[in-house]
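Heavy atoms only: backbone and side chains are in, while hydrogens, waters and symmetry mates are out.
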Amino acid sequence: MKILDRYILTTYLKTFFSVFIILMLIFVLQTIWLYIKELAGKDLEIGVILKFLVYFMPKLIPLVLPLTILLSSIMVFGSFAENYEFAAMKSTGISLQRAMSGLSVFIVGLGILTFFFANNVIPWAEVNSYNLRRNIAKMKPAMLLAEGQFNEVDNYNIKFTKKHGDRDQYLDDVTIHLKAADGRTNATTIKSKTGELASEPDSNVLKLILFDGNYYSDIATKNRKSKEKKPFAKSTFEKYIINIDLSNLNEVDMDEQSQTDKYSMLDVVDLNTAMDSLIVKQKNENAGLAKNLMNRSSVNKVYRNTKKDIDTIYTGPILDVFETSDKIKLVELTLKGAASTQQTVSQKIKTYKIAKTNFNRHIISFHEKFALGIACIILFFVGAPLGALIRKGGIGLPMVIAILLFLSYHFIGIFATNSAKTGDFNPVLASWFSTLIMLPLGVYLTKRATADKGIFDLGSITEPLKKLFKIKEKDSVDFRFLGGYKNDELADVVENYEALGHDENCRYEALNILNERGHSIKELQEANKITIDSKYVASEKIVKDYKDHSKFAIFLYGTGAVLLILFFVFKNNKLLPLATASIQLSIVSFALYAIYYLKSILNLNSFYNYINKKARRPNVGLLILGLPLYMITYPLLNDKLKEDLKRFCLDSLK
């Protein structure tokens, strides 16, 4: 390894591990805060808490590692550029790619290692963390009775509106459901106005005293008619005591693993096997459904009683084949079968959606293991050239840029996977979507940094469009010296520009400065300071209308686009009321945009008709392109109109 490669790698590793440790601590604290309700009040041993953190830390790697690589790359390469170390390298003939080559080998190796980590360690952590949470949830549930929701304690579901007192022992408006012998149905309901938790916090018995309430108990009966009436027994009490034994609940084996087959707990081989099993299972269920629907139709039973001639072909109405009694029977069977079939199919559709979501989750989990390693490599090629371009190291600006880029990468991935789970988006593409979006950005930034250019070059975008639609270049002459002229001197430049040694562009700029100082062309003409054709004043009114309408159009276009994005955000997060409101407002915004865009086009047409320059009207292709892509055509149209207005103004001056 050469000295340069060793220096760059050493510098990068120091920053990498420092950033990794800091970010991991931040995310671990966020995890503790997120699950504090599950840990608090359980009297857990320190070993159990450490296990909890150890099991959750690997699951943070998909968040911490990409952000670490992105931030470290920006900081290190930004520092090299800021301290002119890249300039020294380039002076000796070392390019940016050569400087990145040694570090690239390390990042590729890290990406491969990340795949094995995601394939083996993260599923192991998912198994242990999931089951540890379930085991912790069984311990001392009395300490976690929450207001306004049902709290499951053994066979009891306890709900209350409010708790108060020095130990939160007093409860208001208590509702309790007691499960039946099957452990599922609620056979008994107890309601009381108030209650009290009388047991000690460390007790293995939850003692609940209820005051002023009613006791409702379902009555089981074999008589069908009586069962439809849903009989129950009701009793009233002034005081009722419930003792719930928690000793068995608190004797929990923290290492017990009751579930190990969740999609996030499987490696690549197991996921592939599980997906094959799900496909076979779905095929079998579809075949079973088809057979079930065929059996429900009962057509074969009726068809066997038909009277038919052998070796004949009947082409009339099918019902005429049957006797009258069989016709009635067939219609009745068909109606009943159709109703039953509709109900079966509706239920099967719901089951299929659940199965499809589960299958999509397996596909996403499968591809995410590969995408994570590739994302680490791509984010390096985003961060390293970006740092070289912004020429800023340290924590400030690089931190802001890295967080913005990572949030974009992360939330794009979340929205894509959420859409894929419901079947609205391809699950394979969803796993790679955010990575694929970052790929062209990495290529673009690497090319810009290699060519030692800025991050953005709007000219590379607008110039081809200007050439395509034959839009003239803007004058690049600097007229700032005119700012020091007095009004009379500016008016003299307008009238006698040739005698003063100025050109037409200087004449027009002097007129603009007078307008900015509050002297309109009409006022200057009336004061005999300038001589200009009166048609120009009218043309300015048309241009003003165009600018007003185009500003409204660009505002409505932006509003509609933002609301459309919010619609997909709300829809993916199942916020249907907000999603509905967003799409409705988006449609209204785009409709109004279309109206104002049409008005602005009519203003443009009026302007060119008025100045008798119809040949100078904007290209029809540009106007059509502007309807869906107004953000691009808006500055182009403004530049063209400004140039043509300037030409008309100069032609109107005498």
Side-chain angles (χ1 to χ4, degrees), residues 404 407-408 411-412 414-416 418-419 422 424-425 437 456 458 461-462 464-466 468-471 474 515-516 520 536-611 613-646 648:
L404 289 175
L407 288 178
S408 302
F411 283 115
I412 288 171
I414 288 176
F415 297 147
N418 286 345
S419 299
T422 58
D424 296 333
F425 198 56
I437 287 180
F456 300 110
L458 294 178
I461 300 174
T462 58
L465 291 174
K466 287 182 178 180
L468 176 64
F469 298 111
K470 300 178 180 179
I471 297 175
K474 292 178 64 177
N515 287 333
E516 290 173 1
S520 67
Y536 177 75
V537 178
S539 69
E540 276 193 319
K541 175 66 171 58
I542 300 174
V543 171
K544 183 179 182 302
D545 291 340
Y546 164 78
K547 289 181 177 179
D548 291 340
H549 291 147
S550 62
K551 286 178 181 178
F552 275 116
I554 196 71
F555 172 76
L556 291 167
Y557 181 91
T559 303
V562 171
L563 289 170
L564 185 61
I565 294 171
L566 289 176
F567 162 71
F568 290 107
V569 172
F570 293 142
K571 183 182 177 182
N572 288 336
N573 290 276
K574 298 181 180 179
L575 300 173
L576 296 182
L578 292 176
T580 303
S582 296
I583 192 63
Q584 290 173 348
L585 291 174
S586 178
I587 292 171
V588 171
S589 297
F590 279 125
L592 292 174
Y593 154 71
I595 294 172
Y596 277 97
Y597 180 72
L598 181 60
K599 285 186 174 182
S600 66
I601 298 304
L602 292 175
N603 292 141
L604 279 177
N605 190 59
S606 299
F607 172 74
Y608 287 103
N609 286 338
Y610 185 79
I611 66 174
K613 297 285 185 180
K614 296 180 181 181
R616 291 285 302 162
R617 283 183 295 193
N619 191 295
V620 177
L622 183 64
L623 299 179
I624 296 173
L625 181 68
L627 190 60
L629 301 174
Y630 195 47
M631 289 292 185
I632 296 176
T633 60
Y634 175 75
L636 297 177
L637 290 172
N638 282 349
D639 283 350
K640 178 170 178 55
L641 183 63
K642 184 178 179 181
E643 181 68 27
D644 291 335
L645 181 66
K646 173 184 175 181
F648 183 60

Visitor: Can you check whether Tyr593 reaches Leu627 side chain to side chain, under 4.5 Å on heavy atoms?
Guide: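 SC-SC contact between Tyr593 and Leu627 confirmed.
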Visitor: Are the side chain of Tyr596 and the backbone N or O of Ile554 linked by a donor-acceptor pair below 3.5 Å?
Guide: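 No, Tyr596 side chain to Ile554 backbone: no donor-acceptor pair under 3.5 Å.
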Visitor: Starting at CG of Leu604, measure out to CG of Leu623 and round the result to the nearest 0.5 Å.
Guide: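 Answer for the CG-CG pair, Leu604 versus Leu623, is 7.0 Å.
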Visitor: How long is the gap from CG on Leu563 to CD on Gln584, to the nearest 0.5 Å?
Guide: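 Here the rounded value is 11.0 Å.
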Visitor: Can you find a pair of side-chain heavy atoms, one from Leu585 and one from Phe567, that are under 4.5 Å apart?
Guide: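 Side chain of Leu585 against side chain of Phe567, heavy atoms only: no contact under 4.5 Å found.
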Visitor: Closer than 3.5 angstrom, by distance alone: can the side chain of Ser600 be matched with the main-chain N or O of Tyr546 as a donor-acceptor pair?
Guide: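 No, because the side chain of Ser600 does not come within donor-acceptor range (under 3.5 Å) of the backbone of Tyr546.
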Visitor: Using the rule given for side chain to side chain contact (heavy atoms under 4.5 Å, CB included), can you reason through Val562 versus Leu566, listing the C-alpha separation, both sets of side-chain angles and the distance that settles it, and then say yes or no?
Guide: CA-CA 6 Å; Val562 171; Leu566 289 176; 4.2 Å; yes
Visitor: Does CZ in Phe425 sit with more than 12 non-hydrogen atoms of other residues, nucleotides or ligands closer than 6.0 Å?
Guide: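 Yes, CZ of Phe425 has more than 12 neighbouring heavy atoms, counting only those of other groups under 6.0 Å.
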Visitor: Would you confirm whether Ser606, through its side chain, and Leu602, through its main-chain N or O, come within 3.5 Å as a donor-acceptor pair?
Guide: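 Looks like yes, one N/O pair under 3.5 Å.
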Visitor: On a heavy-atom basis, which atom in Ser586 and which in Gly560 lie closest, and how many Å separate them?
Guide: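 Scanning both residues completely, I find the closest heavy atoms to be OG-O, 2.9 Å.
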Visitor: Testing the basics here: between Tyr557 and Pro628, what is the closest heavy-atom pair and its distance to 0.1 Å?
Guide: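 Closest pair (atom of Tyr557, atom of Pro628, distance): OH-O, 2.5 Å.
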Visitor: Hey, could you give me the CD1/NE2 distance between Ile595 and His549, rounded to the nearest 0.5 Å?
Guide: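 Rounded to the nearest 0.5 Å, the CD1-NE2 separation comes out at 11.5 Å.
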Visitor: Is any side-chain heavy atom of Leu637 closer than 4.5 Å to one of Ser550?
Guide: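 Counting from C-beta outward, Ser550 and Leu637 never come under 4.5 Å.
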Visitor: Could you check whether any side-chain heavy atom of Ile583 comes within less than 4.5 Å of a side-chain heavy atom of Leu564, counting everything from C-beta outward?
Guide: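 Touching, per the 4.5 Å side-chain cut-off.
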